[in-house]
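Below is one structure, written out as structure tokens; comments come after it.
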Amino acid sequence: MKTNRAVRTPGGLSVRLDVRALTVVVLLLLAALTASVVLIGTGDFPMSAADVLRTLVGEGDAGQEFIVTELRLPRVLVGLLVGASLGLGGALFQAISRNPLGSPDVLGLGQGATAGALTVIVLFSGTADQVAVGALVGGLVTGFAIYVLAWKRGVHGYRLVLVGIGVSAIVTAVNGYLLTKSDIVDAARAVVWMTGSLDGRDWAQVWPLLTLCIVLLPLVLANSRGLRMMEMGDDVSSALGVRVERVRLVLLVSAVLLTASATAAAGPVAFVALTSPQLARRLTRSPGPNLVASLCMGAALLVTADWVSQRAFGTDQLPVGVVTGVVGGVYLLWLLVTERRAGRI
């Protein structure tokens, strides 16, 4: 069965359509939406999927409207947006570095955002909004530092990963120092934030993240052709008319913004950015960065992990970062073993 088809528009434009990849994207979207409906219906006041859908279209009673629109829907939307941002950001980093380990978790962007948040918590006892701003600034500063240190007549994959690992180690040490200088109340608050959680998320976290995704997604997709061609190497890409460093810089800045804003909204949720692009590629069996599939995979993974964190451990509800950390850690070990057997590491 052919998975690629050429579609010709009435204007004469020919577009290659990957049927398998499109099918995977649709199925992942359905999985994410289904998990979202189930998650909205989960809690001390359980609701059926039919009641949730009826309430979402404005036909629920006053109690259901309050529970869905004010308490549960914002949390689910933050989960979808954070998962999508991490999935897309991870796909960009892995494509640019040409390395399956080139994700924000390994490069230190999450640790950088954590350093910014810890600075606000420990030194200034900041509010939740100030902590989010601190995390965003910390992630951006770390991303800028990695880019500058990795620059040598351009930014190349393994150098980017190695510099990121070094920066991650330094920032992790800084985070440990900040924790030792905090009092017990701030330390406890910081540790909860560092775990990664969707608890207490409301519309204040939804709108900034949604706006950023709306702005950055078209920009990323507009440069996706150049990113795909860059996988053949910088020299070949330049010969084919791709402005390599410009495309790389635009996509790196977009990936840093997506990762830092997701961390600011939900804390450093581990391994979603690492696993989503790899799982998406294995499902689509398609070369290239698989940006849209990675985005959808990240959203589906995070809302599913949030449901597991709430329901799989009885009355004990875990932060979603604990679940993604366990699953992602197992996946990372499997990935390392696979790469070693293939002789790539």
Side-chain angles (χ1 to χ4, degrees), residues 35 75 78-94 97 99-118 131-132 135-136 138-139 142-143 146 161 164-165 167-176 179 189-199 201 205 209 255-256 258-280 294-295 297-310 312-313 317-336:
R75 172 179 177 142
V78 170
L80 289 170
L81 291 170
V82 167
S85 299
L86 291 176
L88 181 57
L92 289 172
F93 275 116
Q94 291 179 23
S97 65
N99 191 320
L101 297 178
S103 80
D105 304 288
V106 177
L107 297 180
L109 290 174
Q111 291 84 343
T114 300
L118 286 179
V131 171
L136 181 61
T142 304
I146 293 172
V161 173
I165 292 173
V167 170
S168 175
I170 294 172
V171 177
T172 299
V174 171
N175 293 341
L179 283 175
R189 180 185 174 197
V191 169
V192 171
W193 188 90
M194 290 170 62
T195 305
S197 175
L198 296 174
D199 290 343
R201 298 305 184 265
Q205 285 83 38
L209 194 54
V256 170
L258 288 166
T259 304
S261 60
T263 305
V269 180
F271 289 117
V272 174
L274 174 67
T275 58
S276 297
Q278 295 300 311
L279 293 175
S294 299
L295 180 151
M297 177 63 76
L301 278 179
L302 194 54
V303 292
T304 303
D306 193 30
W307 180 86
V308 172
S309 70
Q310 293 187 48
F313 302 95
Q317 293 190 9
L318 297 178
V320 68
V322 174
V323 177
T324 61
V326 171
V327 175
V330 173
Y331 176 80
L332 178 59
L333 291 174
W334 175 83
L335 180 62
L336 290 171

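Along the sequence shown, residues are numbered consecutively beginning with 1. From a predicted model like this one, the values you see are computed outputs, not experimental measurements.
- In terms of heavy-atom proximity, Ser103 sits nearest to Phe93 at CA-CB, 4.4 Å.
- Not one N or O on the side chain of Ser276 forms a donor-acceptor pair closer than 3.5 Å with the backbone of Ala273.
- Formation of a donor-acceptor pair under 3.5 Å by the Asp105 side chain with backbone atoms of Ala270 is not found in this model.
- Nearest approach of Arg201 to Gly267, heavy atoms of both residues: NH2-N, 4.5 Å.
- Nearest heavy-atom pair, Pro319 versus Thr195, reported as atom, atom and distance to 0.1 Å: CB-CG2, 3.6 Å.
- Residues Leu301 and Leu279 are in side-chain contact: their nearest non-hydrogen atoms beyond the backbone lie under 4.5 Å apart.
- Each of Leu80, Val320, Val323 was compared with Leu302 under the side chain to side chain contact (heavy atoms under 4.5 Å, CB included) criterion, and only Val320 meets it.
- Side chain of Thr114 to main chain of Gly110: a donor-acceptor pair is present (N/O by atom type, distance under 3.5 Å, no hydrogens or angles).
- The main-chain N or O of Leu88 is never found under 3.5 Å from a side-chain atom of Ser294 such that the two would form a donor-acceptor pair.
- Counting heavy atoms from C-beta outward, Ile165 and Ser168 have side chains that stay 4.5 Å or more apart.
- Once rounded to the nearest 0.5 Å, the distance linking CZ of Arg75 with CG of Asp199 reads 4.5 Å.
- Across Gly87 and Pro277, no two heavy atoms sit closer than the pair O-CG, 3.8 Å.
- Of all the heavy atoms in Ala132 and Ala264, the pair that sits closest is O-CB, 3.2 Å.
- Side-chain contact between Leu109 and Val256 is present, with at least one heavy-atom pair separated by less than 4.5 Å.
- For the pair Gln111 and Asn175, the minimum side-chain heavy-atom distance is below 4.5 Å.
- For the atom pair CG (Leu318) and OG1 (Thr324), the distance works out to 11.0 Å, reported to the nearest 0.5 Å.
- The two residues Val269 and Val272 make their nearest non-hydrogen contact at CG1-CG2, 4.0 Å.
- Distance check, rounded to the nearest 0.5 Å: OG of Ser261 to CG of Leu136 gives 6.5 Å.
- The distance from the CH2 atom of Trp193 to the CG atom of Leu118 is 7.0 Å, given to the nearest 0.5 Å.
- Going from atom CG of Leu81 over to atom CG of Leu209 covers 4.5 Å, rounded to the nearest 0.5 Å.
- Note that the OG1 atom of Thr263 and the CG atom of Leu86 stand 6.0 Å from one another [nearest 0.5 Å].
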